[in-house]
Amino acid sequence: MFPNFTFLIEILGTISFAMSGSFAAMQKRYDPFGVIIIAFVTSVGGGTVRDLLLDIPVFWMHDLLTISIIFFTAVFTMIFKLIEKNFKVTLFIFDSFGLGLFTIIGVQKGLNADLHPVIGVVLGTITGCFGGIIRDILLNRVPLIFRKEIYATAAIGGGITYSLLRFYSGFSETFIEIITISLIVSIRTLAVKYEWQIPKFYSNFHDGEM
């Protein structure tokens with residue numbers, strides 16, 4: 001259907017996470033340089049860790065396309081914020097789509113490297129989540145993946161779904177990608193709307209206890 005759809009996913013994922021990082025930085029009142037830096041690490045953090053684990057050249061270091069997209073997206077976001085005041089909702093939307101888009105890229109790279117599908121799911125989760133982890137650490141807040149919101153679980157569920165459909169269904173690659181991205185975004189949206197949480201086993205513990 002779209003011969004370059006995977007490339008489009010990578011571009012859209014970069015834009016989504018760049019906007020997510022930019023809005024998060026603006027929430028903290030960072031200056032324009034800080035906004036661009038946070039947008040950059042949010043967009044490339046997960047993919048960088050993935051490529052280092054795969055022992056392949058880091059994807060953004062061999063052309064200026066990714067860096068250019070991040071820069072212009074961050075600048076656009078700083079202009080856009082003059083008319084968009086609801087940072088929280090906008091951040092959630094772009095972060096959810098970035099998670100779905102980049103999870104797919106990570107799983108694909110793992111499977112294309114002839115790794116076990118479980119490792120592919122792990123790489124997908126790393127690609128989707130680690131940029132956000134680095135972003136939140138730099139912004140001095142607890143990363144989303146460690147909070148009560150379902151985040152990494154959505155990436156894992158999407159990665160498993162993609163792997164199963166790729167190996168055991170007759171659907172086209174493009175259709176599988178669309179289904180998986182939609183699933184991840186839907187899980188994130190429903191989890192926040194209905195306050196779904198992973199069960200905890202330390203409800204009787206007090207702060208400071210081991």
Side-chain angles (χ1 to χ4, degrees), residues 4-54 56-81 84 87-110 122-146 149 151-152 154-155 158-159 177 180-181 184-185 188:
N4 294 318
F5 190 69
T6 299
F7 176 73
L8 178 62
I9 287 177
E10 201 157 357
I11 297 298
L12 292 176
T14 300
I15 293 172
S16 295
F17 267 156
M19 296 194 79
S20 165
S22 298
F23 275 110
M26 286 188 289
Q27 275 186 319
K28 291 287 189 175
R29 299 185 180 276
Y30 278 35
D31 65 18
F33 180 75
V35 172
I36 293 171
I37 293 299
I38 297 299
F40 180 77
V41 299
T42 306
S43 297
V44 306
T48 300
V49 174
R50 174 203 65 218
D51 289 349
L52 291 173
L53 290 172
L54 289 172
I56 61 176
V58 177
F59 71 101
W60 57 269
M61 297 183 68
H62 294 273
D63 66 76
L64 294 179
L65 178 62
T66 299
I67 294 176
S68 300
I69 291 172
I70 295 169
F71 175 79
F72 287 112
T73 300
V75 172
F76 170 80
T77 305
M78 285 185 276
I79 297 172
F80 179 70
K81 70 99 176 177
E84 172 56 55
F87 283 125
K88 187 174 181 180
V89 173
T90 309
L91 172 60
F92 171 79
I93 291 172
F94 284 107
D95 195 67
S96 296
F97 274 100
L99 177 66
L101 293 160
F102 270 12
T103 298
I104 292 298
I105 296 298
V107 177
Q108 287 175 335
K109 288 213 172 187
V122 172
L123 288 175
T125 304
I126 288 173
T127 307
C129 296
F130 267 61
I133 292 175
I134 299 171
R135 174 198 65 204
D136 291 341
I137 290 173
L138 292 177
L139 294 176
N140 195 30
R141 65 188 193 185
V142 179
L144 266 175
I145 192 174
F146 302 136
E149 290 184 18
Y151 195 82
E177 290 168 345
T180 306
I181 293 166
I184 294 173
V185 174
R188 281 281 293 135

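Between the CD1 atom in Ile104 and the CD1 atom in Ile9 there is a gap of 6.5 Å [rounded to 0.5 Å]. We find the CZ-OG distance between Phe76 and Ser22 to be 11.0 Å, quoted to the nearest 0.5 Å. Remark: Lys109 NZ to Ile56 CD1 distance equals 4.5 Å, nearest 0.5 Å. Atom CG of residue Leu65 and atom CD1 of residue Ile70 lie 9.5 Å apart, to the nearest 0.5 angstrom. Atom CZ of Phe130 and atom CG of Leu53 lie 8.0 Å apart (nearest 0.5 Å). For the atom pair CD1 of Ile15 and OG of Ser20, the computed distance is 13.5 Å after rounding to the nearest 0.5 Å.
Of all heavy-atom pairs between Thr103 and Gly128, the closest is OG1-CA, 4.0 Å. Closest heavy-atom contact between Gly21 and Thr42: CA-OG1, 3.6 Å. What you find for Phe17 and Leu99 is that their closest heavy atoms are CZ-N, 3.5 Å. Minimum heavy-atom separation, Ala24 to Leu139: CB-CD1, 3.5 Å. Taking each heavy atom of Val35 and Tyr30 in turn, the nearest pair found is CG2-O, 3.8 Å. In terms of heavy-atom proximity, Thr180 sits nearest to Gly158 at CG2-O, 3.0 Å.
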message: I'd like to know whether Thr6 forms a side-chain contact (heavy atoms from CB on, under 4.5 Å) with Ile105, so could you lay out the CA-CA distance, the side-chain angles of the two residues, the decisive distance to 0.1 Å, and finally the verdict.
response: CA-CA 8 Å; Thr6 299; Ile105 296 298; 3.9 Å; yes

task: With side-chain contact (heavy atoms from CB on, under 4.5 Å) as the test, would you mind laying out the steps for Ser16 and Leu101 before giving the verdict?
output: CA-CA 9 Å; Ser16 295; Leu101 293 160; 3.8 Å; yes

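No side-chain heavy atom of Asp51 sits less than 4.5 Å from a side-chain heavy atom of Pro57. Side chains of Gln108 and Glu10 form no contact here, defined as non-hydrogen atoms less than 4.5 Å apart. Contact annotation: the side chain of Arg135 approaches that of Asp95 to within less than 4.5 Å [non-hydrogen atoms, C-beta and beyond]. Counting heavy atoms from C-beta on, the side chains of Leu91 and Met19 never come closer than 4.5 Å. Proximity of Val142 to Asp136: side-chain heavy atoms (C-beta onward) are nowhere separated by under 4.5 Å.
In Asp31, the CG atom is crowded: over 12 heavy atoms of neighbouring residues, nucleotides or ligands sit closer than 6.0 Å. Counting non-hydrogen atoms of other residues, nucleotides and ligands closer than 6.0 Å to CZ of Phe40 gives a total above 12.
Using the six-membered ring where Trp is involved, Phe94 and Phe23 have ring planes that are parallel, under 30° apart on the 30 and 60° scheme.
Exactly one of Thr14, Ile181, Val107, Leu12 qualifies for a side chain to side chain contact (heavy atoms under 4.5 Å, CB included) with Phe102. That residue is Thr14.
Within the cation-pi definition used here (under 6.0 Å to the ring centroid, within 45° of the axis), Arg50 qualifies as a partner of Phe59.
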